[in-house]
2 protein chains.
Amino acid sequence: MATSTEENYLKTILHLEEEKGAAKVGDIATELQLTSGTVTTMMHALSEQGLIDYAPRKGLKLSEEGRLSALQVVRRHRLIELFLVEVMNLDWSEVHDEAEDLEHVISDRLLDRMDEMLGRPTHDPHGDPIPDREGKVTVVVSTSLAKMEVGSYRVVRVSDESSDLLEWLNQKGLTIGQEFELSREDRAAGILEIRRAGEESLQLGLEAAEQVFVEAI
Amino acid sequence: MATSTEENYLKTILHLEEEKGAAKVGDIATELQLTSGTVTTMMHALSEQGLIDYAPRKGLKLSEEGRLSALQVVRRHRLIELFLVEVMNLDWSEVHDEAEDLEHVISDRLLDRMDEMLGRPTHDPHGDPIPDREGKVTVVVSTSLAKMEVGSYRVVRVSDESSDLLEWLNQKGLTIGQEFELSREDRAAGILEIRRAGEESLQLGLEAAEQVFVEAI
DNA sequence: ATTTTTATCTTGATCAATCAAGATAGGGAG
DNA sequence: CTCCCTATCTTGATTGATCAAGATAAAAAT
């Protein structure tokens with residue numbers, strides 16, 4: 001139905017709606033690295049197909065149908081990422097781009113095989129929830145490490161935007177589920193210190209900590 | 001480099017060159033279900049890129065570079081098919097279309113993981129050879145069952161053109177490596193009879209037998 | 001040698017996705 | 001209330017892939 005270009009627009013709109021409450025033409029353009037004129041054109045096309053409610057200059061939002069389509073794309077993306085990590089033994093830092101391409105091409109049949117093989121998982125390698133076939137998502141409650149005070153925490157999610165960060169975290173063993181102690185927060189210097197039993201303590205910049213989401217334990 | 005459309009043209013040209021000695025504009029058009037005008041246009045583009053040697057109205061053939069590109073696409077296609085059968089447990093009758101899409105999208109990194117996981121295989125699920133990274137292929141000597149006389153044979157390759165036939169063969173256990181006896185050839189009626197120890201005998205039309213390649217044992 | 005056939009080529013048009021450049025509307029500044 | 005800024009929109013052009021219809025050349029038939 002939707003072309004892969006359209007799928008990418010839908011995914012971006014969903015992302016922006018979750019991130020900032022609403023998606024604006026300019027933000028979509030920035031995220032997809034396109035000019036706003038191009039985005040405007042596509043908004044008409046998506047509106048035509050009933051995938052978004054669009055009132056020129058007033059705003060736009062995903063229709064129920066559009067939201068479901070977007071969630072299916074997200075589902076494909078995250079299942080593929082998990083498959084690449086679990087089955088193909090790729091690193092969590094290198095699966096995003098691959099999934100970005102595969103998500104538009106994989107058949108429902110193959111996707112279901114992956115899903116089955118992985119035991120109908122609910123979360124991808126970065127801790128993001130995998131929508132089920134009906135588009136339902138299990139919400140993860142977590143707060144950015146950057147906002148936390150000294151105490152004990154568990155990593156529940158890491159933003160997959162920066163593969164450099166993912167690589168570093170992986171190397172340091174700070175993966176999903178990992179428990180640690182936030183032993184020092186030096187806000188002035190913008191540095192957090194992390195400790196784990198039997199490991200050297202780690203220093204982490206606030207920038208990076210923004211991307212790591214944890215729950216208290 | 002080449003778009004996936006171009007990759008499909010290259011693959012088709014390679015296929016026709018192997019099949020009939022040379023690829024003609026009209027045959028490419030038939031195989032890809034396009035008009036010959038469209039193909040002519042693409043011939044200019046491929047020629048421009050040095051992927052084929054093209055003399056309008058006189059003929060065309062893959063250049064060395066084009067042949068290597070085509071072989072890489074074939075390699076991707078066949079490795080993916082084998083992966084889908086061996087790892088994802090899909091049936092050999094349903095992997096062709098999936099591979100057709102995936103072959104243009106999968107990264108070299110992921111492809112190599114598959115290759116490694118499968119133990120650097122040399123043949124796909126239909127018995128077709130998988131070109132190596134340099135484009136070298138291990139040729140399989142085999143003759144169509146349709147041309148054979150009464151005797152003992154082993155299945156070494158099956159054309160993957162008809163998924164119906166593949167399904168039927170699979171159901172009857174006539175898979176790659178299977179040994180059997182051609183017990184009767186009734187050319188007039190266009191029917192062959194096949195026997196295997198402890199199995200009921202099978203009747204196979206010449207049409208179908210054309211697609212099954214065997215070696216004498 | 002002339003005609004006919006048929007494959008191949010060319011041309012003009014279309015569709016999706018895009019950009020650059022210029023037009024416009026709506027919200028805030030004065 | 002008027003002006004201006006900025007986000008959004010419109011327009012005209014481009015690129016890749018395609019088709020339909022008509023032109024042409026090479027081969028085959030007479």
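Within every chain, numbering begins at 1; the chains are lettered A, B, ... in the order of the sequence lines, protein sequences first and strands thereafter.
A/Gly37 comes within 4.0 angstrom of a nucleotide base, judged by non-hydrogen atoms across all strands. B/Thr5 comes within 4.0 angstrom of sugar-phosphate atoms only, judged by non-hydrogen atoms across all strands, and of no base. Looking at heavy-atom distances under 4.0 Å, B/Lys58 makes no contact with the nucleic acid at all.
Computed from coordinates, the B/Glu6 CD to D/dA17 C1' distance equals 10 Å when rounded to whole Å. A/Gln33 places its CD atom 13 Å from the P atom of C/dA20, with the value rounded to the nearest Å. Between B/Arg57 atom CZ and D/dT24 atom C1' there is a gap of 5 Å when expressed in whole angstrom units. Computed from coordinates, the B/Met43 CE to D/dG16 P distance equals 16 Å when rounded to whole Å. Atom CG in A/Asn8 sits about 13 Å away from atom C1' in C/dA17, given to the nearest Å. Between the P atom of C/dA17 and the NE2 atom of A/His44 lies a distance of 15 Å, rounded to the nearest Å.
Aromatic rings from B/His96 and B/His77 are positioned such that their centres are separated by under 6.0 Å.
Taking only side-chain atoms of A/Pro56, from C-beta outward, the nucleotide of C/dC9, D/dC9, D/dT18 with the closest atom is D/dC9. Side-chain proximity of A/Leu34 to the nucleotides C/dC19, C/dT8, C/dA17 is greatest for C/dC19. Comparing atom distances between the B/Thr41 side chain and each of C/dA17, D/dT18, C/dC9 picks out D/dT18 as nearest. In this structure, of C/dA17, C/dT8, D/dC9, it is C/dA17 that holds the atom nearest to the side chain of A/Thr3.
Among A/Ile52, A/Asp53, A/Ile13, the one residue that satisfies the side-chain contact (heavy atoms from CB on, under 4.5 Å) test with A/Lys61 is A/Asp53.
Salt-bridge annotation for A/Asp112 and A/Arg120: present, with a side-chain N of the basic residue lying under 4.0 Å from a carboxylate O of the acidic one.
Taking 4.5 Å as the limit, every side-chain heavy atom of B/Arg78 sits out of range of all side-chain heavy atoms of B/Leu82.
Here the shortest heavy-atom pairing between A/Pro121 and A/Leu79 reads CG-CD2, 3.8 Å.
A close approach under 4.0 Å does occur between a side-chain nitrogen or oxygen of A/Tyr9 and OP1 or OP2 of C/dT18. In terms of phosphate contacts, A/Tyr54 brings no side-chain nitrogen or oxygen within less than 4.0 Å of OP1 or OP2 of D/dT8. Put simply, B/Thr38 has no side-chain N or O that comes within less than 4.0 Å of OP1 or OP2 on D/dT18.
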